[in-house]
Amino acid sequence: MQRKILVTSALPYANGPIHIGHLVEYIQTDIWVRFQKLRGNKCLYLCADDTHGTAIMIRAKKEGRSEEDLIASMSESHQKDFAGFGIEFDHYGSTNSDENRKLCGQFWQSLRDADLITERSIEQLYDPEANTFLADRFVRGTCPKCGLLDQAGDNCNCGHTYSPTELIDPKSTLSGATPVLKNAKHLFVELEQLRGFLTQWVDSEDSLQTEVANYLKGHFLGDELRDWDVSRPSPYFGFEIPDAPGNYWYVWFDAPIGYIATTEQWCKANNQTLDDWWKNKDCEIHHFIGKDITYFHTLFWPGMLKTAGYSLPKKVHIHGFLTVNGEKMSKSKGTFIAAETYLNQTNPSYLRYFYASKLSQRVEDIDLGIEEFARKVNTDLVGKVVNLASRVGKFAKQTGLAEVYPDDGGLFENAVAAGDEIASAYETCDYARAIRRIMELADAANPFVEHAKPWEMKKDPDRQDELRDVCTVALNLFRQLTIYLSPVLPDLATQCSEWLDEPIKSWEQSRTPLLGTQVGAFRRMLDRVQIEDLEKMIEDSKAESDETTSDVAKQFQDSDQPLKDEPLADEIGIEDFAKVDLRVARVISAEHVPDANKLLKLELSLGGDETRQVFAGIKAAYEPEKLVGRLVVMVANLKPRKMRFGLSEGMVTAAGPGGEDVFILGIDEGAKPGQRVH
RNA sequence: GGGGCUGUAGCUCAGUUGGUUAGAGCUGGGGACUCAUAAUCCCUAGGUCGCGGGUUCAAGUCCUGCCAGCCCUACCA
């Protein structure tokens with residue numbers, strides 16, 4: 001039976017280019033969609049740019065152009081990048097569309113009618129120069145709990161959390177102005193009213209991976225759900241709320257509705273009705289998203305859909321993030337690779353294959369190790385799969401394919417049997433499993449050619465029929481593998497189609513061998529990955545991230561990120577500095593604190609009998625044993641502070657954002673404990 | 001502290017509802033072949049399945065405690 005399936009990927013934000021981290025999702029989705037189409041299902045793949053919000057507004061202002069102008073050029077760049085990776089949308093829209101505005105209005109009215117909207121005034125910081133309310137991340141100031149200067153609006157480096165309104169001496173990062181407190185009316189959705197429904201939805205029917213369902217139950221559904229703030233006061237780039245002038249829907253309200261609006265645009269162009277896709281029990285809706293936006297899609301969104309009378313997603317497929325060489329993507333390491341940078345150096349099929357070989361149903365991060373990447377592509381794709389065609393290509397051009405499929409020891413039939421398992425792996429998004437099975441088939445195919453020794457047959461005029469049979473087997477096994485791989489490698493499928501003069505259109509073709517036809521001249525289908533290309537790609541990415549540095553700076557390639565993360569503090573006089581008594585101290589003991597996640601307990605000596613007990617948040621960065629004996633610089637006149645684990649009588653100075661990246665200040669040789677730092 | 005997930009050969013991972021000597025690919029070592037993109041084929045090395053208990057005739061597979069790692073959340077000079 002033909003299924004009717006609507007598929008979406010998360011809408012990329014129109015605030016930056018696509019990078020290889022984004023592509024995990026779009027490639028994952030594209031593979032699934034191509035698989036569904038190959039199986040003969042009616043499947044629609046839709047996506048759009050997410051265009052609203054403060055960040056877009058600010059960026060447009062900074063670049064001196066209109067928001068519309070900015071999002072138009074972003075959309076073009078996004079679509080070009082996607083096309084470069086063979087990601088084939090049925091339609092690519094924008095959340096800034098008439099259809100979306102209208103649908104937002106409908107959803108809004110349904111929420112009103114269901115009496116789910118409530119109004120409350122909240123106090124928020126406002127930038128009087130930029131004339132805008134400030135989201136937490138646009139405010140910095142002194143931490144109200146520990147006095148650290150220049151901390152983010154909602155938490156500081158030492159881990160305190162607070163409200164931006166508590167910050168001491170706050171500054172807007174937009175204008176540098178001192179924000180003022182201002183009351184503003186906000187509109188909220190009372191999600192709590194939907195808790196019963198959501199609990200049931202989360203639990204039922206396998207719409208979510210179990211770990212996700214557990215997360216939601218453990219984290220949100222166990223308690224009363226907080227109201228969801230869905231409005232933002234003017235100025236804001238978005239849709240104004242009709243019955244609350246001067247207020248706009250928050251970007252996360254209109255973004256998912258963009259899925260529907262984009263469908264509507266497609267429907268208009270294709271003479272279909274929206275309800276047939278979004279209010280039809282027989283239509284499955286599948287969302288593919290990253291783990292960071294889980295709760296928007298699994299709580300708010302189902303709640304909105306339910307209230308407005310639309311179909312609920314059959315499944316929300318959630319994936320993890322991409323790491324490169326085992327670490328978070330990093331601009332300074334050149335592993336923050338833009339789609340365009342990748343395409344300039346190497347082949348998109350490689351990445352599609354690599355991601356496919358790593359993706360499972362789990363919400364696990366996947367790692368792109370450069371060496372693993374090259375090895376996998378070269379050994380699996382080139383060495384095993386394409387080699388099968390390559391090694392008999394010349395012979396086959398002369399012999400053509402036999403009329404009757406020869407005895408191949410059951411290889412073809414075996415691969416037909418494996419087809420169901422491979423299909424079900426694709427269906428459940430366990431691509432790693434599908435690829436594993438396909439490679440097992442490829443592993444069995446090469447020895448067949450090896451043992452048949454076609455190169456000997458070629459020399460013997462009496463054995464031309466045998467040669468043709470070997471070619472027939474090898475090419476049919478290759479064709480079968482290509483069909484199985486075609487959702488992942490559409491380009492390879494196209495090449496195979498052209499070569500054998502038979503379009504690959506259906507999964508069913510893998511069940512019957514191709515016989516009795518001529519074969520075109522073989523052309524190389526895929527080159528091996530050159531490590532140098534990958535290195536070049538990383539070099540290029542590095543270069544993009546710091547094009548504006550001086551010579552010495554270039555030599556060291558120091559990134560500007562730390563300064564951006566933590567801009568310079570206000571000027572002070574020497575008398576202010578003198579208040580801080582920094583001393584050289586020796587670590588005389590260091591130990592883990594039971595129950596503390598980030599802390600080490602240090603005993604510091606200032607010489608003689610003078611010691612201080614200090615708790616330092618450096619557990620992730622330093623082994624206690626390695627600290628013992630070394631000299632550090634401590635703040636010695638800090639007022640002792642009682643912590644859960646005991647009294648802390650000072651502070652060890654260190655640089656870095658925290659976590660593993662903490663670097664204790666050392667001092668050159670010769671310094672003695674107790675000496676003051678001036 | 002609370003929640004989620006993971007821990008199987010050097011590396012990446014398979015191991016179905018518990019059932020004979022724990023598997024694959026890659027890497028390593030040895031050999032063969034030459035049709036093929038230094039591709040391919042054959043042979044070989046290698047693991048007290050994180051650790052300790054328990055249930056069972058039988059546990060990598062179930063239960064429990066601990067250890068390590070990752071993520072979320074709170075706390076954290």
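Convention: sequence-line order gives letters A, B, ...; per-chain numbering from 1.
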Practice task
Return the set of residues passing side chain to side chain contact (heavy atoms under 4.5 Å, CB included) with A:Q495 (not counting sequence neighbours), or none when no residue passes.
Solution key: A:L492, A:M525
Problem - Distance, rounded to the nearest Å, where A:L492 contributes CG and B:U37 contributes C1' - result: 14 Å
Exercise for the section: Specify the separation, in whole Å, of atom CG of A:L582 and atom P of B:A77. Expected result: 19 Å
Exercise for the section: Give one of base, sugar-phosphate or nothing for A:V392, where a contact means two heavy atoms less than 4.0 Å apart. Expected result: nothing
Handout entry: Separation between NE2 of A:H317 and OG1 of A:T428, rounded to the nearest 0.5 Å
Key = 10.0 Å
Completion exercise
Stems with RNA chain B, 3 or more Watson-Crick or G-U pairs in a row (under 3.5 Å), are B:1-7 with B:67-73, B:10-13 with B:23-26, B:28-32 with B:40-44, B:50-54 with B:62-66
Exercise for the section: Could you check how far CG of A:L599 sits from C1' of B:A74, rounded to whole Å? Expected result: 14 Å
Practice task
Report the residues that fulfil side-chain hydrogen bond (donor to acceptor under 3.5 Å, both in side chains) with A:T323, sequence neighbours left out, ordered by chain and then residue number.
Solution key: A:D367
Exercise for the section: Using the six-membered ring wherever Trp is involved, compare the ring planes of A:Y405 and A:F412 and label them parallel, tilted or perpendicular (cut-offs 30° and 60°). Expected result: tilted
Exercise for the section: List for me each residue that meets side chain to side chain contact (heavy atoms under 4.5 Å, CB included) alongside A:F321, sequence neighbours excluded, and say none if there are none. Expected result: A:K291, A:D292, A:D365
Exercise for the section: Using the C1' atom on both, measure B:A68 against B:G52 and round to a whole Å. Expected result: 15 Å
Practice task
Answer with base, sugar-phosphate or nothing: what part of the nucleic acid does A:L526 contact at a heavy-atom distance below 4.0 Å?
Solution key: base
Practice task
Just call it for A:V635: base, sugar-phosphate, or nothing, with non-hydrogen atoms closer than 4.0 Å on any strand.
Solution key: nothing
Fill in the blank from the handout: Separation of B:C35 atom P from A:Q464 atom CD, nearest Å, is 15 Å
Practice task
Keeping to residues at least two apart or across chains, list the side-chain hydrogen bond (donor to acceptor under 3.5 Å, both in side chains) pairs with something in residues 412-423 of chain A.
Solution key: A:E421-A:R437
Completion exercise
Between A:Y295 and the options A:W301, A:F220, A:W228, A:W252, the ring-ring contact (aromatic ring centres under 6.0 Å, His included) test singles out A:F220
Exercise for the section: Return the nearest nucleotide to the side chain of A:N387; candidates are B:C41, B:A39, B:A77. Expected result: B:A39
Handout entry: Qualifying salt bridge (charged side-chain N to carboxylate O under 4.0 Å, His left out) pairs, either residue in residues 443-452 of chain A, two or more places apart
Key = A:K384-A:D443, A:R391-A:E450
Practice task
Grab the CG-P distance between A:D430 and B:G15 for me, whole Å please.
Solution key: 8 Å
Practice task
With P as the reference atom in both, quote the distance from B:A45 to B:C71 in angstrom, rounded to an integer.
Solution key: 39 Å
Problem - Side-chain ion pair, A:E610 and A:R612, N-O less than 4.0 Å - result: yes
Problem - Proximal nucleotide (of B:C13, B:C41, B:U37) relative to the A:R436 side chain - result: B:C13
Problem - Atom-pair distance (CZ on A:F354; C1' on B:C13), nearest Å - result: 12 Å
Practice task
Could you give the distance separating B:A59 and B:U21 at their P atoms, to the nearest angstrom?
Solution key: 11 Å
Handout entry: Rounded distance in Å between the P positions of B:C41 and B:G46
Key = 23 Å
Handout entry: Integer angstrom distance from the C1' of B:C35 to that of B:A39
Key = 11 Å
Practice task
Determine the contact category for A:P454: base if any of its heavy atoms lies under 4.0 Å from a base atom, sugar-phosphate if only primed atoms, P, OP1 or OP2 are that close, otherwise nothing.
Solution key: nothing
What are the atom names and distances for every N/O pair under 3.5 Å that joins the protein to nucleotides 23-34 of chain B?
from: B:C26; atom 1: O2'; to: A:R375; atom 2: NE; distance (Å): 2.8

Problem - Residue pair A:Q28 / A:H319, side-chain donor-acceptor N/O under 3.5 Å - result: no
Problem - Contact nearer the 5' end of RNA chain B, comparing A:E372 with A:F522 - result: A:E372
Handout entry: Separation of the C1' atoms in B:C49 and B:G15, to the nearest angstrom
Key = 10 Å
Exercise for the section: Using the P atom on both, measure B:U61 against B:U16 and round to a whole Å. Expected result: 11 Å
Problem - Spacing of the P atoms in B:G19 and B:G60 (rounded, Å) - result: 10 Å
Handout entry: side chain to side chain contact (heavy atoms under 4.5 Å, CB included) partners of A:K397, counting only residues at least two apart
Key = A:A521
Fill in the blank from the handout: Hits for side-chain hydrogen bond (donor to acceptor under 3.5 Å, both in side chains) against A:E372, two or more places apart or cross-chain, chain-then-number order -> A:K358
Practice task
Check the distance between B:U6's P and A:E364's CD and give it to me in whole angstrom.
Solution key: 8 Å
Exercise for the section: Name the residue closer to the 5' end of RNA chain B, choosing between A:G383 and A:G650 according to the nucleotide with the nearest heavy atom. Expected result: A:G383
Problem - Contact list for residues 522-532 of chain A, test salt bridge (charged side-chain N to carboxylate O under 4.0 Å, His left out), sequence neighbours left out - result: A:R524-A:D527
Exercise for the section: Select base, sugar-phosphate, or nothing to describe what A:N446 touches, counting heavy atoms under 4.0 Å on all strands. Expected result: sugar-phosphate
Practice task
Give A:R524 one of three labels, base, sugar-phosphate or nothing, depending on what nucleic acid heavy atoms sit under 4.0 Å from its own.
Solution key: base
Exercise for the section: Among B:C41, B:U6, B:U12, find the nucleotide with the atom closest to the side chain of A:K358. Expected result: B:U12
Handout entry: Short side-chain N/O contact to B:A39 OP1/OP2 from A:R528, under 4.0 Å
Key = yes
Problem - Separation of B:U73 P from A:L221 CG (nearest whole Å) - result: 16 Å
Handout entry: Residues that A:A356 engages under side chain to side chain contact (heavy atoms under 4.5 Å, CB included), provided they are two or more places apart
Key = A:I31, A:Y431, A:I435, A:V488
I'd like a list of close polar pairs between nucleotides 65-72 of chain B and the protein, N/O only, cut-off under 3.5 Å.
from: B:C72; atom 1: O2; to: A:H219; atom 2: NE2; distance (Å): 3.3

Handout entry: A:R433 vs B:G15: side-chain N/O to OP1/OP2 distance below 4.0 Å
Key = yes
